[in-house]
Amino acid sequence: MSVHLYRTTRGAVAVRGTHAVRLPEAWAALVVRDDLYAYLDACLSDDASTTLPDSQEWLAPLGEQQEVWAAGVTYYRSRTARMEEAAEAGGGSFYDRVYAAPRPELFFKATPQRVAAPGAPLNLRPDSQWMVPEPELGLLITPSGTIIGYTVGNDLSCRDLEGENPLYLPQAKTFDGCASLGPCILVSKALPPAATQISLRIDRADTSVVDDATTLAQLKRSLGELRDYLFAACSFPHGVVLLTGTGIVPPDDFALAPGDRIHIAINGIGMLTNSVRAWPK
């Protein structure tokens, strides 16, 4: 049976059903353990228990020295959207080639200080007019390359910047408040089933303006394949979170606006909710 691991303002909490245990170890020590599931399973077998962590306590499940990386064009819908963006600038075929190529697109996404906690606001980049969330399954991977857990990720993206020129990808993807992770890490010995649903809802005022879903069955590449390419020439002594791409793209006439609330849910993990705000002055 899987375990949900929360990083909170009062430390790490492991949860199974209604049983919760507050852990003495620092988050940085937990996320590098290849035996994390067995360790948490042993902790939860003890009699000691605590209250379930309140959502106001949740922090992004990311260590202070961990990086966030991401994969792109891993779903057919994402490939189509990227080609539509680039076509406006006179290109687009390179996205089709990436989708079909043996090598995936991998890019650096964020440092911990640029990742928002569940419930915290994300930032709308001031030089972009077409920003959207990208709901993604995130992998928690240890320094040895072992995938030990899964989380919900929001890879906030500037479609206009990326579409104008692929060399603008770092600016389209990486900025303060460009991502969110949470609400927890699902620690499990089993891979998520292909039927696992990822859903996106965006509320504006009291109205739902985007409501869509996909499943992991639409993911073209295996999780292990994405991991292997990431670790081919990079080491991660503190572990890493790898976002695996999006299969949900809002309509082309949609752009996030200040005050919008983004809800991303993955079956078995939970729901990640963030608002968006104009660039802080």
ask   = Quick one: CG on D160 to OH on Y168, what's the gap to the nearest 0.5 Å?
value = 11.5 Å
key: Criterion side-chain contact (heavy atoms from CB on, under 4.5 Å) on V210 and L200, from CA distance to verdict   = CA-CA 7 Å; V210 173; L200 168 68; 4.0 Å; yes
task = Walk me through it: do W130 and F254 pass the test side-chain contact (heavy atoms from CB on, under 4.5 Å)?
result = CA-CA 8 Å; W130 189 15; F254 174 83; 5.9 Å; no
request  = Using side-chain contact (heavy atoms from CB on, under 4.5 Å) as the criterion, point out the one residue from L23, T151, I148 that pairs with L5.
outcome  = L23
request  = Using the side-chain contact (heavy atoms from CB on, under 4.5 Å) rule, take V241 and L62 through it: C-alpha gap first, then chi angles, then the decisive distance, then the call.
outcome  = CA-CA 8 Å; V241 172; L62 185 68; 3.8 Å; yes
ask   = Going only through I, L, V, M, F, W and Y residues with side-chain contacts under 4.5 Å, is there a path from L161 to V276?
value = no
task = Work out which heavy atom in I185 is nearest to a heavy atom in G149; give both atom names and the distance.
result = CG2-CA, 3.8 Å
Closest approach of A70 to K109 (non-hydrogen atoms, all atoms of both residues) = CB-CB, 4.3 Å
task = Look up atom CD1 in I198 and atom CG in D212, then write down how far apart they are to the nearest 0.5 Å.
result = 11.5 Å
task = Taking the side chain as every heavy atom from C-beta outward, state whether S208 and I202 have any atom pair closer than 4.5 Å.
result = no
request  = Report yes if some heavy atom in the side chain of P237 is under 4.5 Å from a heavy atom in the side chain of P143; otherwise report no.
outcome  = no
key: Close side-chain approach of F108 and P170, heavy atoms under 4.5 Å   = no
query = Does any N or O in the side chain of E136 come within less than 3.5 Å of the main-chain N or O of G245, such that one atom is a donor and the other an acceptor?
reply = yes
message = Do V15 and V21 sit in one hydrophobic cluster, given that two such residues count as connected whenever their side-chain heavy atoms are within less than 4.5 Å of each other, even indirectly?
response = no
ask   = About how many Å separate OG1 of T74 and CD of E105, when rounded to the nearest 0.5 Å?
value = 9.0 Å
key: Main-chain N/O of L167 paired to N165 side chain as donor or acceptor, under 3.5 Å   = yes
query = Does one hydrophobic cluster hold both V13 and I269, with members joined at side-chain heavy-atom distances below 4.5 Å?
reply = no
query = So, T196 and N267: side-chain donor and acceptor under 3.5 Å apart, yes or no?
reply = no
query = Do you know which of N154, T273, D211 makes side chain to side chain donor-acceptor pair (under 3.5 Å) with H263?
reply = T273
Polar side-chain atom of R227 near backbone of L139 as donor-acceptor pair, under 3.5 Å = no
inquiry  = Return the CZ to CE distance between R159 and M131, rounded to the nearest 0.5 Å.
reply    = 12.5 Å
request  = Please answer: with hydrophobic residues joined when any side-chain heavy atoms are less than 4.5 Å apart, are V132 and I248 in the same cluster?
outcome  = yes
ask   = Looking only at atom types and distance, does a side-chain atom of N123 sit under 3.5 Å from a main-chain N or O of D176, one as donor and one as acceptor?
value = yes
request  = List the atom of A117, the atom of N274, and the distance in Å for their closest heavy-atom pair.
outcome  = O-ND2, 3.0 Å
task = Compute the centroid of each ring, for Y6 and then for W58, and state whether the two points are separated by less than 6.0 Å.
result = yes
ask   = Just how far is it from atom CG of L122 to atom CG of D260, taken to the nearest 0.5 Å?
value = 11.0 Å
message = Run the side-chain contact (heavy atoms from CB on, under 4.5 Å) test on D155 and F107 for me, step by step, so that the C-alpha distance in whole Å, both residues' side-chain angles and the decisive distance to 0.1 Å come before the verdict.
response = CA-CA 12 Å; D155 171 16; F107 57 90; 3.9 Å; yes
message = Using a 6.0 Å distance limit plus a 45 degree cone around the ring axis, check whether K220 lies over the aromatic ring of Y99.
response = yes
ask   = When you look at D203 and R261, which way does the salt bridge (charged side-chain N to carboxylate O under 4.0 Å, His left out) test go after all the steps?
value = CA-CA 5 Å; D203 296 335; R261 290 185 62 79; 6.0 Å; no
ask   = Taking the side chain as C-beta and beyond, is there a heavy-atom pair between V68 and L181 under 4.5 Å?
value = yes
ask   = Is the backbone N or O of A110 less than 3.5 Å from a side-chain atom of T174, with the two atoms forming a donor-acceptor pair by type?
value = no
ask   = With the 4.5 Å side-chain cut-off for hydrophobic clustering, are L52 and L44 part of the same group?
value = no
inquiry  = Working note: D41 + R16, criterion salt bridge (charged side-chain N to carboxylate O under 4.0 Å, His left out); need CA distance, chi angles, decisive distance, verdict.
reply    = CA-CA 9 Å; D41 185 57; R16 176 182 286 153; 2.8 Å; yes
ask   = If only atom types and distance count, is the side chain of S45 paired as donor or acceptor with the main-chain N or O of A42 below 3.5 Å?
value = yes
key: Short side-chain donor-acceptor distance under 3.5 Å, T207 and R204   = no
query = Distance only, no hydrogens: is a donor on one side chain within 3.5 Å (strictly under) of an acceptor on the other, for S199 and Q197?
reply = no
message = Which heavy atom of Y37 sits nearest to which heavy atom of S2, and what is that distance?
response = CE1-CA, 4.2 Å
remark   = What one should report as the nearest heavy-atom pair of F231 and T142 is CZ-O, 3.5 Å
message = Looking at every heavy atom in both L223 and P192, which two are closest together, and how far apart are they?
response = CD1-CD, 4.2 Å
ask   = Hey, are the side chains of L124 and P258 touching, using non-hydrogen atoms and a 4.5 Å cut-off?
value = yes
query = Given S157 and K173, is the side chain to side chain donor-acceptor pair (under 3.5 Å) satisfied, shown in steps?
reply = CA-CA 5 Å; S157 299; K173 292 288 191 178; 2.7 Å; yes
ask   = Say you draw a straight line from NE2 of H19 to SG of C43; how long is it, rounded to the nearest 0.5 Å?
value = 10.0 Å
inquiry  = Whether the side chain of E162 engages the backbone of L169 through a donor-acceptor N/O pair (distance < 3.5 Å, no angle test) should be reported.
reply    = no
query = Y229 versus R103: any side-chain heavy-atom pair under 4.5 Å?
reply = yes
ask   = So do L230 and V240 actually touch side chain to side chain, heavy atoms under 4.5 Å?
value = yes
ask   = Heavy atoms, side chains only, cut-off 4.5 Å: are C184 and H4 in contact?
value = yes
